[in-house]
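Report on the structure given below.
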Amino acid sequence: MKNWHHPLLSLVLAAGLLVTATPALASAAQPLTVKVNDKKVEYSTGVAPTVQQQTTLVPLRSTLKAMGITLSSVSGNNITAIVNGKSVTVKSKLTKLNGTIYVPIRTFGDLTGYAVSWNAKTRTIQITAPVTVPAATAPSTAPADNAAAPSVDNTVAPVAPATPPVTAPPVTTTEPTTPAVQTGGKGFMWEVQANGNTVYLVGSMHIANDSFYPLRKEYEDAFAQADYLGVEVDITKTTDDQFYQQIAQMGTYQDGSILPNHIAADTYAKLGKFLKENGKEPDALNEFKPWVVEMIVDSIANSTSKYQADNGIDLYFLKQAAARKLPVIELESDQSQLGMLNNFSPELQDLLLYSALRGYEDYADGKTDDSVDKMAETWKTGNEVELYQMTTSSEDIPEYHKAMLVDRNIGMVDKIDGYLRNGGGKKYFIVVGAAHYLSDDGIVHLLQKKGYTVVRK
């Protein structure tokens with residue numbers, strides 16, 4: 001899609017966080033798929049994952065069988081299975097559909113110790129066996145957060161005039177003298193040390209593909225030493241039913257009005273055309289606010305992209321953390337991210353939606369561009385100049401830029417500063433969108449202003 005903001009979107013997209021299955025999206029998307037260690041589970045006719053009362057339910061017995069785990073008994077709300085030769089019992093809400101017992105997807109993680117994640121774009125539940133890796137010493141509790149953080153990563157930025165030319169970013173970090181060994185890509189990583197604490201700052205590309213891997217040894221070595229993994233939001237703990245509730249509370253009109261009362265007629269006409277082309281009624285999304293509709297449009301339009309959240313850098317480390325049972329700390333919250341979008345002005349929400357719809361039309365007309373490929377190349381080469389240019393390209397829309405890449409950075413830096421001051425002599429491996437690091441408002445510069453030395457790795 002030919003939109004100037006797509007390089008930035010690729011950086012700040014929150015790995016499916018805000019393309020979650022609202023009822024309208026759920027009905028427009030493909031059926032749910034379950035994969036165990038990347039192998040699709042084939043269910044018998046009439047037995048398949050489903051969504052009931054805003055909760056994703058998965059057949060219990062056949063799913064455990066696909067995992068190579070024996071179900072011993074089901075009594076009341078207690079489920080007992082033989083896991084690694086040991087009898088394990090957990091409590092879970094049971095639902096019987098057509099004679100088959102279904103349970104919420106998280107039950108499989110609680111019962112077996114497998115990592116359970118959700119890819120909203122492909123509507124795939126991924127169940128991954130624990131991996132035996134060297135364990136790091138992990139404290140029982142995460143450090144106290146120093147400040148609340150605002151905002152989110154995956155709104156499509158608005159259409160705007162061409163960005164003024166940018167020469168190069170200020171020199172922000174100390175480069176190592178020995179070039180790093182290249183594998184899947186150089187990427188972006190910095191190190192900060194203070195008061196016996198170490199923070200590794202990793203710039204994520206939230207959507208990626210296999211060409212990004214394996215990561216450089218420096219990433220793996222730093223992560224192996226970490227006592228905590230820090231991310232914007234731990235998407236592996238976020239279930240779609242939670243999002244249903246939050247979207248219902250924030251993202252629908254409560255005053256009796258509907259979408260066409262709040263957006264331009266041209267925008268609404270484009271939306272109606274888009275919905276018809278995707279097998280929906282033109283008024284199917286009338287109950288939702290523009291920011292929710294924009295996410296649904298973008299999710300459907302980009303569902304066939306060669307870059308997917310399943311391969312994102314942050315999700316890669318979240319899966320590794322689950323295998324190691326490494327504590328995960330969040331620099332933001334899904335509530336604050338949704339709240340930021342909900343607080344966008346009506347004019348900006350309309351512009352964001354119009355931009356997504358126009359991008360879809362361009363794509364359908366064959367007017368594609370290579371902006372995401374360029375972003376991928378920027379990440380792989382670790383090019384700070386290009387990253388800076390992409391990051392600052394949203395400054396033409398002040399409201400959008402301030403919310404996405406100014407206010408949020410301040411909140412993140414407050415927490416990182418707390419880890420450096422009062423981190424208990426621990427190592428923190430922080431993974432957030434790469435767009436948050438450079439520019440005068442970026443995390444690197446804000447930490448330098450606080451007196452820290454930030455070294456590029």
Side-chain angles (χ1 to χ4, degrees), residues 1-19 119-122 153-157 163 166 168-169 179-190 201-220 223 231-232 235 298-299 301-320 355-356 359-360 362-363 366-394 404-405 431-439 442 444 456-457:
M1 297 182 188
K2 193 174 180 59
N3 284 311
W4 70 274
H5 56 264
H6 274 234
L8 181 60
L9 172 63
S10 301
L11 282 171
V12 299
L13 185 68
L17 174 64
L18 289 177
V19 288
N119 183 343
K121 279 194 172 183
T122 61
D153 268 18
N154 72 329
T155 309
V156 176
T163 308
V166 181
V181 176
Q182 294 299 305
T183 53
K186 182 176 181 180
F188 298 93
M189 182 168 71
W190 297 265
L201 301 168
V202 175
S204 174
M205 187 159 172
H206 299 304
I207 55 174
N209 58 29
D210 290 341
S211 68
F212 284 68
Y213 300 93
L215 298 178
R216 285 193 290 132
K217 184 175 182 293
E218 288 85 348
Y219 287 95
E220 302 292 359
F223 183 68
V231 292
E232 295 163 27
I235 58 174
D298 195 62
S299 175
N302 290 296
S303 61
T304 59
S305 171
K306 66 181 179 181
Y307 300 98
Q308 294 294 328
D310 264 355
N311 289 315
I313 306 302
D314 41 0
L315 187 56
Y316 170 82
F317 284 112
L318 280 166
K319 291 177 180 178
Q320 298 298 317
S355 174
Y360 172 80
D362 287 347
Y363 180 80
K367 300 176 183 178
T368 59
D369 67 10
D370 59 354
S371 57
V372 181
D373 288 329
K374 288 179 180 178
M375 184 60 254
E377 186 64 19
T378 295
W379 190 94
K380 290 178 184 178
T381 58
N383 190 319
E384 285 195 7
V385 174
E386 292 180 359
L387 176 61
Y388 177 84
Q389 292 172 338
M390 291 177 178
T391 301
T392 56
S393 64
S394 63
M404 294 290 289
L405 294 173
V431 185
V432 301
H436 292 289
Y437 286 105
L438 300 184
S439 84
V444 168
R456 179 80 184 270
K457 305 297 288 185

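Separation of atoms CG (Leu405) and CG (Leu438) is listed at 11.0 Å; rounding is to 0.5 Å. Annotation: the span from Glu384 atom CD to Thr378 atom OG1 amounts to 11.5 Å, rounded to 0.5 Å. The structure places NZ of Lys457 at 12.0 Å from CG of Leu201, a figure rounded to the nearest 0.5 Å. Put simply, CD1 on Ile313 and CG on Leu215 are 5.0 Å apart, with the number rounded to the nearest 0.5 Å.
Without hydrogens or angle criteria, Arg456 side chain to Trp190 main chain gives no donor-acceptor distance under 3.5 Å. In terms of modelled atom types and a separation under 3.5 Å, the side chain of Tyr219 and the main chain of Lys186 share a donor-acceptor contact.
Counting all heavy atoms, side chain and backbone alike, Glu232 lies closest to His206 at OE2-NE2, 3.3 Å. Closest heavy-atom contact between Ala435 and Thr391: O-CG2, 3.1 Å. In terms of heavy-atom proximity, Met375 sits nearest to Leu387 at CE-CD1, 4.5 Å.
Here Phe188 and Tyr437 keep their ring centres 6.0 angstrom or further from each other. Checked against the 6.0 Å centroid threshold, Phe212 and Tyr316 do not count as a close aromatic pair.
With sequence neighbours excluded, no residue satisfies side-chain hydrogen bond (donor to acceptor under 3.5 Å, both in side chains) with Glu377. With sequence neighbours left out, Asn383 forms a side-chain hydrogen bond (donor to acceptor under 3.5 Å, both in side chains) with no residue at all.
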| side-chain contact (heavy atoms from CB on, under 4.5 Å) assessment of Asp210 paired with Asn311 | CA-CA 7 Å; Asp210 290 341; Asn311 289 315; 3.7 Å; yes
